[in-house]
There are 2 protein chains.
Amino acid sequence: MRRKESVNLVEVAKAAGVSKTTASDALRNSGRVSERTREHVVAVANRLGYSPNLVARSLRSSSTGTIGLHLPEVLTRSEYYMSFVLGVVDRAAKMDYDVMLITAHNVPSRRFHRVDGVVLGDPLETDTVVRGLLNSSVPVVTCERYTGDAEPAAVVRSDHAGTLDRLLDHLRSAGARDIAFLASSTVTDWGRTLQQTYLRWCERHDMRPRLREMAFGSPTAVMQDNVRALLNADPAVDALVCAPDGSAAAVLPVIRAAGRTIGEDLLLASCVDSTALHHTDPPVTAIDLRPREAGAACAQLLFDILSGEAPEGTVSALPIGLTERRSTRG
Amino acid sequence: MRRKESVNLVEVAKAAGVSKTTASDALRNSGRVSERTREHVVAVANRLGYSPNLVARSLRSSSTGTIGLHLPEVLTRSEYYMSFVLGVVDRAAKMDYDVMLITAHNVPSRRFHRVDGVVLGDPLETDTVVRGLLNSSVPVVTCERYTGDAEPAAVVRSDHAGTLDRLLDHLRSAGARDIAFLASSTVTDWGRTLQQTYLRWCERHDMRPRLREMAFGSPTAVMQDNVRALLNADPAVDALVCAPDGSAAAVLPVIRAAGRTIGEDLLLASCVDSTALHHTDPPVTAIDLRPREAGAACAQLLFDILSGEAPEGTVSALPIGLTERRSTRG
DNA sequence: TTGAAAGCGCTAACAA
DNA sequence: TTGTTAGCGCTTTCAA
């Protein structure tokens with residue numbers, strides 16, 4: 001469209017009376033030109049309103065200054081992923097990188113020339129974009145392990161098993177003797193780890209497991225139906241741990257409708273914290289996954305891989321925490 | 001790094017025994033080559049694992065297949081913006097476009113060569129990125145008007161004034177006679193419109209306005225302090241409308257602590273709906289801003305501007321709605 | 001310290 | 001229907 005609206009390097013060079021090489025070096029501060037010419041060229045460039053064509057630069061230098069980011073399709077509305085994205089963007093901006101959101105439409109077979117590397121948040125085994133990216137030759141960092149059979153360049157992990165154990169111990173010491181678990185699907189490493197941890201904990205403590213699994217991205221009505229059914233079927237249940245993001249908040253009305261009092265005859269906890277859980281009555285105990293830090297850690301690890309500072313196969317640990325609130329005081 | 005790992009057009013052309021133009025045309029389905037050669041070239045390309053270098057393509061065709069997206073820095077955690085982003089990404093993907101998140105670090109003075117156009121969600125007057133983008137020569141579509149003095153190519157708007165009027169009327173007919181307003185800053189068109197609408201409505205109905213303004217992105221503690229102070233100072237207040245995203249949910253504990261019963265002696269409503277407000281006790285009446293549709297509408301309008309189907313200066317209306325819940329039954 | 005020339009991988013204009 | 005040639009705007013040799 002607007003042809004020739006922007007001035008290019010040659011024009012700057014001409015106006016400054018130097019070669020295009022010198023102009024390029026001056027503007028990139030390569031340390032090759034004298035201070036005097038550098039200042040001169042920069043002044044001319046500013047006067048002409050020059051901005052470098054990053055596409056041309058990418059083509060020549062074969063590095064794009066951009067990282068890709070892909071998240072599960074089904075996330076719908078989730079504070080966790082929003083914070084995760086912000087963490088990635090924030091760290092990328094610090095390194096002077098842009099972030100491109102990658103969707104299903106155009107992942108090529110071998111090389112994704114538009115980005116220098118990719119961050120995958122909670123890669124689903126079933127996601128074709130994830131598979132495409134892992135099979136392409138661009139470096140990939142995942143948040144949580146990929147449970148399929150391709151290897152990312154590096155992984156950021158958290159100790160979900162240990163933290164859920166702590167949560168279950170906490171419930172037990174608050175008096176719970178029959179803890180139910182609203183589980184997330186095993187299609188992610190996170191969901192799978194939580195299920196296993198719950199089942200093993202029950203075994204160790206001689207507690208009969210009461211687990212209901214929900215598909216990733218289930219609508220709230222389904223979560224509510226499950227909990228309603230669960231409370232009806234097993235009136236002895238005196239604590240409930242909710243894994244899917246948003247499920248703890250969503251089932252509050254159902255629990256109230258069942259005549260239970262949260263924090264007293266039914267302890268409630270969530271595997272994903274959110275601001276909503278701060279303000280409920282009572283506030284709900286939750287695992288703090290520190291999504292913003294997770295995003296930043298993934299981006300940083302990707303940059304370390306790209307620069308060679310971190311070797312392929314690096315697994316980096318992200319600490320997470322348990323925030324106890326009134327819903328589990330017992 | 002991995003030099004020569006990916007095969008390029010010349011190699012495909014050579015292997016297929018055609019010129020690189022023909023190969024290019026065959027792979028892009030330009031309709032210039034015979035069906036026979038097209039199939040042959042495509043087969044060879046697949047066999048070699050060819051994927052086109054989009055950077056080179058962009059440089060040559062001077063269109064990037066990417067749109068930019070910029071949101072206010074202060075959004076912190078917000079379901080509204082998450083949905084907005086999904087709307088943009090979704091529509092972009094349908095048009096075979098990628099979405100790049102634009103942050104403060106690298107907005108140039110004249111031309112942002114990496115994107116074909118930009119969507120701005122709720123542009124803040126004070127945001128330097130917004131100003132830079134609006135002054136650059138790339139087409140910009142904003143969600144809500146920009147209150148500064150530059151003109152975007154097009155705007156998507158909603159009838160916030162009309163909808164807030166409806167909400168206030170609804171409160172009045174539910175018995176409210178003294179409606180307070182927790183306002184958002186006037187730094188966005190949305191915040192400004194809501195304040196004006198509230199004040200005019202009060203005037204028309206001979207009601208003394210009780211307005212407290214919060215800075216964009218205020219922490220929940222500040223919101224809570226404001227409402228606590230408001231309820232103390234004006235015990236006659238029998239309804240509260242909360243503008244800032246998340247504030248209605250955040251002030252619930254404060255209202256309870258003040259001994260008020262929501263939906264009975266204090267009606268509560270929010271100017272931004274969210275899933276959290278569905279599940280509170282009682283559920284909270286809210287304006288549904290339809291963020292996902294807003295994002296999609298912005299992206300679509302940008303594509304229409306780019307293709308010339310929509311003229312510069314287009315203002316497109318997005319319908320929004322009011323969802324009445326138990327918090328305002330009166 | 002600077003300049004000239006080559007070329008990143010592709011598409012568009014011009015020929016055949 | 002196909003091939004040849006010329007760049008897109010930049011960075012990077014290689015030479016001076």
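Every chain is numbered from 1 and lettered A, B, ... according to where its sequence line falls, protein lines coming before strand lines.
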Tell me which one of A:Val119, A:Val118, A:Ile305, A:Val140 satisfies side-chain contact (heavy atoms from CB on, under 4.5 Å) with A:Pro152. A:Val140
When rounded to whole Å, the CG to P distance for the pair B:Leu9 and C:dG9 reads 11 Å
For D:dT2 and B:Arg38 - does any side-chain N or O of the residue sit under 4.0 Å from the phosphate oxygens OP1/OP2? no
Any A:Tyr50 side-chain nitrogen or oxygen under 4.0 Å from OP1 or OP2 of D:dG9: no
If you find the nucleotide of DNA chain C closest to B:Asn53 and the one closest to A:Ala23, which residue's nucleotide is nearer the 5' end? A:Ala23
Starting at the 5' end of DNA chain C and moving along, which residue's nearest nucleotide shows up first, A:Lys20 or A:Asp25? A:Asp25
Using whole Å, what does the distance between atom C1' of nucleotide D:dT1 and atom CD of B:Glu35 come to? 13 Å
Going by the rule side-chain hydrogen bond (donor to acceptor under 3.5 Å, both in side chains), which residues pair with A:Thr314 if we only count those two or more places apart in sequence or in a different chain? none
Would the distance check show the side chain of A:Ser307 and the main-chain N or O of A:Phe303 forming a donor-acceptor pair, the cut-off being under 3.5 Å? yes
May I ask you to say what B:Val18 touches in the nucleic acid, namely base, sugar-phosphate or nothing, with a heavy-atom cut-off under 4.0 Å? sugar-phosphate
Between D:dG3 (C1') and B:Lys14 (NZ): distance, integer Å: 15 Å
Rounded to whole angstroms, how far apart are CD on B:Glu11 and C1' on C:dG9? 11 Å
Classify the side chain of B:Thr21 versus the base of D:dT4 as yes if they form a donor-acceptor pair under 3.5 Å and no if they do not. yes
Strictly below 4.0 Å: does A:Ser34 bring a side-chain N or O up to OP1 or OP2 of C:dT2? yes
Nearest-nucleotide comparison on DNA chain D, the residue closer to the 5′ end among B:Thr22 and A:Arg28: B:Thr22
hbond_proxy A:Arg60 side chain to C:dG9 base (donor-acceptor, 3.5 Å cutoff): no
Are the side chain of B:Glu11 and the backbone N or O of B:Asn8 linked by a donor-acceptor pair below 3.5 Å? yes
May I ask you to say what B:Thr37 touches in the nucleic acid, namely base, sugar-phosphate or nothing, with a heavy-atom cut-off under 4.0 Å? sugar-phosphate
Should the side chain of A:Arg32 and the base of C:dT2 be counted as holding a donor-acceptor pair, with the cut-off at 3.5 Å? yes
Among D:dT12, C:dC8, C:dA12, which nucleotide has an atom closest to any side-chain atom of A:Ser61? D:dT12
Shortest side-chain distance from A:Ser19, nucleotide among C:dG3, D:dT4, D:dC10: C:dG3
Using whole Å, what does the distance between atom P of nucleotide D:dG9 and atom CZ of B:Arg114 come to? 17 Å
Can you measure A:His40 atom NE2 to C:dT2 atom P for me and round it to whole angstrom units? 12 Å
Rounded to the Å, how far apart are B:Leu59 CG and C:dG9 P? 12 Å
Report the residue from B:Tyr146, B:Trp190, B:Tyr81 that forms a side chain to side chain donor-acceptor pair (under 3.5 Å) with B:Asp122. B:Tyr81
Does A:Ser24 have a side-chain nitrogen or oxygen under 4.0 Å from the phosphate oxygens OP1 or OP2 of D:dT11? yes
Atom CG of B:Leu27 and atom C1' of C:dC10: how far apart are they, to the nearest Å? 12 Å
Looking at B:Asp90 and B:Ala93, would you say the former's side chain and the latter's main chain have a donor-acceptor pair under 3.5 Å? no
